[in-house]
2 protein chains.
Amino acid sequence: MAKRKNAPGERISEAEHAVMEVLWDKNPISAAEVCDQVCAQRDWSIPTVKTLLSRLVQKEVVGTEPDGRKFLYRPLIARADYVGGESRRLVERLFGGRAAPLFAQLAESEALTEDDLAEIEALLREMRK
Amino acid sequence: MAKRKNAPGERISEAEHAVMEVLWDKNPISAAEVCDQVCAQRDWSIPTVKTLLSRLVQKEVVGTEPDGRKFLYRPLIARADYVGGESRRLVERLFGGRAAPLFAQLAESEALTEDDLAEIEALLREMRK
DNA sequence: ATTCTTCGATTACGTCTGTAGCCGAAACGA
DNA sequence: TCGTTTCGGCTACAGACGTAATCGAAGAAT
């Protein structure tokens, strides 16, 4: 009954997510390389990135492989899985599990561009077959 | 430096959100009444609910009005605003601000029911005019 | 008036999160 | 071989969060 854990399931925090994005973009890479990417956007220092990386390793969502004296990191979960999980969680929590109200909400708050609409229409048409 | 917050914006936590849901459903109500609702679902005790309420008051998202010797609480922000904000935040963080990929994601992870599809189609048709 | 009951307010405390410093071992340069 | 640089690993610490007990004042009951 609890929502606890599927295979990969340890919760990923906001800051950790930023690190994951970098890893999804390119991997495997070293801590320093991760910092190159992420320290540009969020104003972090190397130690911070290393802490986040080790927490992610602990949570078993990031794996390591030795590369000479250093380590290379790579994600152990697919971005699509993470993103899907977060999306479903939001729909669950805020819209009683129904996606339509989310859509309505986005529409109302003008978060939908003309392009979005067209794209969604296309997707719908495709799913209809 | 610490994290920023603007007028409406103090972050509402998961547990606090549960309390907000109760207040949105019925208000103004007393702490005890909030507990009646929320302690049924989450297994909390009165002190917990009161703590959450006072934190929400501090964050200025819940207001109080004296009712004899006790207080009645009511939300100061609309549910639609909160929900809209959270939705936009998710779309921003996970989909680069584009809603279409969210939709695709939900579709792929089978989070869309037949009803959802129909409803969304209807909404789309309506927006098309 | 004295006690019993209610509340809100204050305090507590372990965990998680954001952010970072320090240390020791390994690799490198001389 | 010896110091210097480079890493990963452990340690730290403040603020947020989840959860709750305790205190003190205002009312109610007798």
Side-chain angles (χ1 to χ4, degrees), chain A residues 2-5 9-23 28-74 86 89 93, chain B residues 1-6 9-23 28-74 86 89 93:
Chain A
K3 42 6 198 0
R4 254 316 30 93
K5 69 182 337 154
E10 290 272 10
R11 208 89 197 78
I12 294 175
S13 80
E14 177 83 15
E16 287 161 359
H17 172 231
V19 170
M20 288 305 286
E21 284 297 341
V22 174
L23 290 180
I29 59 179
S30 69
E33 284 175 284
V34 172
C35 187
D36 285 347
Q37 300 300 312
V38 89
C39 295
Q41 300 147 28
R42 332 272 290 223
D43 183 40
W44 291 341
S45 60
I46 281 269
T48 299
V49 172
K50 290 206 232 169
T51 297
L52 293 173
L53 276 171
S54 40
R55 284 179 185 169
L56 287 167
V57 170
Q58 262 184 296
K59 294 181 180 181
E60 293 180 86
V61 291
V62 164
T64 57
E65 59 185 75
D67 173 55
R69 54 300 186 74
K70 82 179 67 164
F71 271 113
L72 296 185
Y73 300 84
R74 78 165 71 242
E86 289 296 302
R89 197 183 332 281
R93 202 163 67 84
Chain B
M1 51 179 57
K3 19 196 17 152
R4 279 293 69 98
K5 58 346 160 11
N6 42 356
E10 289 274 10
R11 213 84 193 82
I12 294 177
S13 80
E14 178 82 15
E16 287 162 359
H17 171 231
V19 170
M20 289 305 286
E21 285 296 341
V22 174
L23 290 179
I29 59 179
S30 68
E33 284 175 284
V34 172
C35 186
D36 285 346
Q37 301 300 312
V38 88
C39 296
Q41 299 147 30
R42 333 271 288 220
D43 183 40
W44 292 340
S45 60
I46 282 270
T48 300
V49 172
K50 290 205 225 168
T51 297
L52 292 173
L53 276 171
S54 40
R55 283 179 185 167
L56 287 167
V57 170
Q58 260 184 301
K59 293 180 181 181
E60 292 179 88
V61 291
V62 164
T64 57
E65 57 186 77
D67 172 55
R69 53 319 203 40
K70 82 179 67 165
F71 271 113
L72 296 185
Y73 300 83
R74 77 166 71 243
E86 289 296 302
R89 194 180 337 279
R93 201 163 68 84

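Below, chains carry the letters A, B, ... as their sequence lines are ordered, and counting in each starts from 1.
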Under a 4.5 Å cut-off applied to non-hydrogen side-chain atoms, are A:D36 and A:I29 in contact?
no
Among D:dG18, C:dA9, D:dA20, which nucleotide sits nearest the side chain of B:F71?
C:dA9
At less than 4.0 Å, is any side-chain N or O atom of A:S13 found next to OP1 or OP2 of C:dG18? Yes or no.
yes
Within this structure, what is the CG-to-P distance between A:L52 and D:dG8, rounded to whole angstrom?
14 Å
By side chain to side chain donor-acceptor pair (under 3.5 Å), which residues pair with B:Q37, not counting sequence neighbours?
none
Round to the nearest Å and state the distance from B:I12 atom CD1 to D:dA16 atom C1'.
14 Å
Could you check how far NE2 of B:H17 sits from P of D:dG18, rounded to whole Å?
12 Å
Side-chain donor-acceptor pairs under 3.5 Å in residues 41-57 of chain A, sequence neighbours left out?
unit_1	atom_1	unit_2	atom_2	d
A:T51	OG1	A:P47	O	3.1
A:S54	OG	A:K50	O	3.0
A:S54	OG	A:T51	O	3.0

Can you check the A:R11 CZ to D:dG18 P distance for me, whole Å?
12 Å
Would you please confirm or rule out a distance under 4.0 Å between OP1 or OP2 of C:dA20 and any side-chain N or O of A:T48?
yes
What is the distance, to the nearest angstrom, from the CD1 atom on B:I46 to the C1' atom on C:dT6?
11 Å
Base versus backbone protein contacts along nucleotides 21-30 of chain D [heavy-atom cut-off under 4.0 Å; B, S, -]
B-----SS--
If every non-hydrogen atom of B:S30 is compared with every non-hydrogen atom of B:L72, which pair is closest and at what distance?
N-CD2, 3.6 Å
Tell me, please, which residues at least two apart from B:E86 pass salt bridge (Lys or Arg N to Asp or Glu O under 4.0 Å).
A:R93, B:R11, B:R89
Please report the distance, rounded to the nearest Å, between CG in A:L56 and P in C:dG18.
10 Å
Got B:M20 and B:V62 here, is their nearest side-chain heavy-atom distance under 4.5 Å?
yes
Nearest listed nucleotide, side chain of A:W44, among C:dA20, D:dG18, C:dG8
C:dA20
Please confirm whether any donor atom in the side chain of A:R55 sits under 3.5 Å from an acceptor in the base of C:dG18, or the reverse.
yes
What is the nucleic acid contact for A:A31, judged by heavy atoms within less than 4.0 Å: base, sugar-phosphate only, or nothing?
sugar-phosphate
Applied to residues 61-73 of chain B, the side-chain hydrogen bond (donor to acceptor under 3.5 Å, both in side chains) test, sequence neighbours excluded, yields B:E65-B:R74
To the nearest Å, how far apart are A:I29 CD1 and D:dG8 P?
12 Å
Between atom CG in A:D67 and atom P in D:dT6, what is the gap in whole Å?
16 Å
